[in-house]
Every structure is written in structure tokens, then in C-alpha cells.
*Asks:* 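Handing you a structure now.
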Amino acid sequence: MTSHSAPGMLRRVTDLYAALLRVLLALCLGILVLPVTMQVVSRFVPFIPHYIWTEEMARFLLVSSG
């Protein structure tokens with residue numbers, strides 16, 4: 001009887017893990033918008049300084065989400 005419930009339990013665990021990964025991916029991509037926007041704006045607006053950390057953060061988030 002436990003052999004029938006084991007695949008169901010494994011299925012639920014993998015579904016929860018997949019849902020967690022989807023949330024983390026959406027979060028990383030959502031956060032990625034902020035530094036990329038700051039980079040673009042700082043190129044066209046002379047009074048905003050160029051942020052070096054935004055490029056590194058964007059690269060890290062893009063690699064981690066891919």
C-alpha cells in the first residue's frame with residue numbers, strides 16, 4: 001500500500017520545487033528590470049551618475065535566471 005502513495009508524494013514534492021523555481025525566476029527577472037533601467041537612464045541624463053554595480057547586478061541576475 002505504501003508503494004502507491006510514494007509516487008504521489010514524490011510528485012507533490014517535485015511540483016512544489018517547480019513552483020518555487022518559477023517564483024524565484026520571476027523574482028530575478030523582475031529585479032533585473034531595475035538595474036537595466038538605471039543604466040539606460042544614466043546614459044541619457046547627465047546629472048545621474050553612471051553606476052558600475054548595475055552592470056554587474058544585471059549580468060548576475062541574467063545568468064542566474066537563464
*Asks:* So if you build clusters from Ile, Leu, Val, Met, Phe, Trp, Tyr with side-chain heavy-atom gaps below 4.5 Å, do F60 and L32 land together?
*Replies:* yes

*Asks:* Give, for atom CG of D15 and atom CG of L10, the distance between the pair rounded to the nearest 0.5 Å.
*Replies:*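 Between atom CG of D15 and atom CG of L10 there are 9.5 Å.
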
*Asks:* Is there a path of hydrophobic side-chain contacts, each under 4.5 Å between heavy atoms of I, L, V, M, F, W or Y residues, that connects L34 with V41?
*Replies:* yes

*Asks:* Check the hydrophobic clustering (I, L, V, M, F, W, Y; side-chain heavy atoms under 4.5 Å; chains of links allowed) and say if M38 and V40 are grouped together.
*Replies:* no

*Asks:* Determine, using the 4.5 Å side-chain heavy-atom cutoff (strictly less than), whether V33 and V36 are members of one ILVMFWY cluster.
*Replies:*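 Hydrophobic grouping puts V33 apart from V36.
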
